[in-house]
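For the numbers below, each heavy atom of this structure counts, side chains included, while hydrogens, waters and symmetry mates do not. Naming convention: chains lettered A, B, ... in sequence-line order (proteins, then strands); numbering from 1 in each chain.
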There are 2 protein chains.
Amino acid sequence: MARTPPTKPRKNALQARSRATVDALVEATARILVKEGFEKTSTNRIAEIAGVSVGSLYQYFPSKEALVAAVIDRHNEEIMGLVRAALAEVADLPIEKAVQKLVTVAIEAHRINPKLHRVLAEQIPRTGQLADVEAFNREVHALVRAYLESRRKEMRKIDPGLATFICVSAIEAVAHNTVLNEAEVLSEKTVRTLVEETTRMVVGYLR
Amino acid sequence: MARTPPTKPRKNALQARSRATVDALVEATARILVKEGFEKTSTNRIAEIAGVSVGSLYQYFPSKEALVAAVIDRHNEEIMGLVRAALAEVADLPIEKAVQKLVTVAIEAHRINPKLHRVLAEQIPRTGQLADVEAFNREVHALVRAYLESRRKEMRKIDPGLATFICVSAIEAVAHNTVLNEAEVLSEKTVRTLVEETTRMVVGYLR
DNA sequence: CTATAATGCGAGCGATCACTCGCTTTTTCT
DNA sequence: AGAAAAAGCGAGTGATCGCTCGCATTATAG
């Protein structure tokens, strides 16, 4: 009895050039999403732009959804990198400084790739595996909550979960709307004012 | 020369039962969106659920997009009804009371039809005419800004446009995330706490 | 060098879907 | 009652798209 069927079922297994293929596919997907929008992003087109055949595409990604999910994941990991670093850096700082840093990072994170961010926010139907952006959100909440709990003395009496929810919602919304509305051009001055004001609101709320 | 070509080109013209047809189509679209999601929402299915033929559908709606846009519009008009009423009611009230009312209304507005709201937010690609949710947003900003300007004396020195942007972003985000995360069950107590806290944050920020 | 596995290819299948067209039924007008 | 306009119908069309399959090419192992 032959143990291994001649063809491995699907997906993983990357040894040398296949890595490049996978990268090219994810990169091509991101580019098409940004340049042509979600509707024009077909698997055939992705393969074409990646300089790869559709067959190869399906060797590594079981579905179109999986490809888009990979793009989302890559982008979210970049953002989470900034956020994790900021929260580590801020752990020993008082609330005022910490919030200022976090607001700054929130805006920076949204500016990593604004066009992609916009497409992901506005054009990708959050369905099936694409719904899992939530995991990142939970991590952010957990990290912020841990910080707030460690600084309880500087704050008024307040439920940490609730405070986290309100602060994260507010900061995220300001950053998100800023980047989506002002399009690409955001003067340093504007950003500074925005950070100041948002920080003021959040800090005022916490104590 | 025949003036009127025998068949009117498309779209409007409603005299009696055709009104019911149009309503049934919009209603069916909303129901399918909620029950089966955007992906399953095809024009054939809409016509079927509305108890109408595809042909009739295309007499009144030039495209599938137009149908979804009608659903969005209807929902937004309901929301704007609440918001406009609240802002009128609040015009002569001091900031504290006004903000409290506005936060309450923001949550109420998101709870008009939470399931539909979720689908519209998460599954509808904002593309083409669907991108025009922005008009409602602008109206909200204009209304809030007008209120804030009329109450300048109670506030610290602050740019009205910026203040409006931050306050509306924060309030909207809290309401949005509340309704989307807590799913359907929201105790009165939770809502009251949330309103109190958000109000505190915004009022504290404004003065 | 040869055998075997890994990777790559792309024509084309099957299914879906938005939308049209020729026709029937209902309503309105005179 | 008769004519004409309005409303309604639904099988069918053309196009797209996700995905498969049989085969070719390249890399690795013995």
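Residue pairs meeting the side chain to side chain donor-acceptor pair (under 3.5 Å) criterion with at least one partner in residues 42-51 of chain B, sequence neighbours excluded, are B:Glu36-B:Arg45, B:Arg45-B:Glu48.
Residue order along DNA chain D, read from the 5' end via each residue's closest nucleotide, puts B:Val54 first among A:Lys64 and B:Val54.
Rounded to a whole Å, the OH atom of B:Tyr58 is 8 Å from the C1' atom of C:dC17. One can place CD of A:Glu48 at 12 Å from P of D:dC17, the figure rounded to the nearest angstrom. What separates CD of B:Gln59 from C1' of C:dT26 is a distance of 13 Å, to the nearest Å.
Each of C:dG10, D:dG18, D:dT26 was ranked by its minimum atom distance to the side chain of A:Arg17; first place goes to D:dT26.
Taking every heavy atom of residues 38-47 of chain B and every atom of DNA chain C, pairs under 4.0 Å involve B:Thr41, B:Ser42, B:Thr43, B:Asn44, by number. Taken residue by residue, residues 19-32 of chain B places heavy atoms nearer than 4.0 Å to DNA chain D at B:Thr21.
More than 12 heavy atoms of other residues, nucleotides or ligands sit less than 6.0 Å from atom CZ of A:Arg84. In this structure, A:Arg126 places its CZ atom where more than 12 heavy-atom neighbours from other residues, nucleotides or ligands lie under 6.0 Å away.
Side-chain atoms of B:Asp159 and A:Glu197, non-hydrogen and from C-beta on, never get closer than 4.5 Å to each other. Between B:Thr127 and A:Phe38 the shortest side-chain heavy-atom distance does not fall below 4.5 Å.
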Taking distance alone, no hydrogens or angles, what donor-acceptor pairs closer than 3.5 Å link side-chain atoms of residues 73-82 of chain A to residues at least two apart or in another chain?
from, atom 1, to, atom 2, distance (Å)
A:Arg74, NH1, A:Glu27, OE1, 3.3
A:Arg74, NH2, A:Glu27, OE1, 3.0

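Remark: A:His176 pairs with A:His110, A:His117 by the ring pair (Phe, Tyr, Trp, His ring centres under 6.0 Å) rule, at least two apart or across chains.
Side-chain N/O atoms of B:Thr193 and B:Thr190 include no donor and acceptor closer than 3.5 Å.
Closest of all the heavy-atom pairs between B:Lys115 and B:Val34 is CB-CG1, 3.8 Å.
Phosphate proximity of C:dT7 to A:Ser18: present, with a side-chain N or O under 4.0 Å from OP1 or OP2. The side chain of B:Tyr60 places an N or O atom within less than 4.0 Å of a non-bridging phosphate oxygen (OP1 or OP2) of D:dG8.
Taking five base pairs at each end of the helix from C:dC1-D:dG30 to C:dT30-D:dA1, the local helix axes there meet at an angle of 10°, rounded to 10°.
Between B:Arg200 and B:Glu196 there is no salt bridge, since none of the side-chain N atoms of the basic residue sits less than 4.0 Å from a carboxylate O of the acidic one. Salt-bridge check for B:Glu188 with B:Arg192: failed, with every basic side-chain N at 4.0 Å or more from each acidic carboxylate O.
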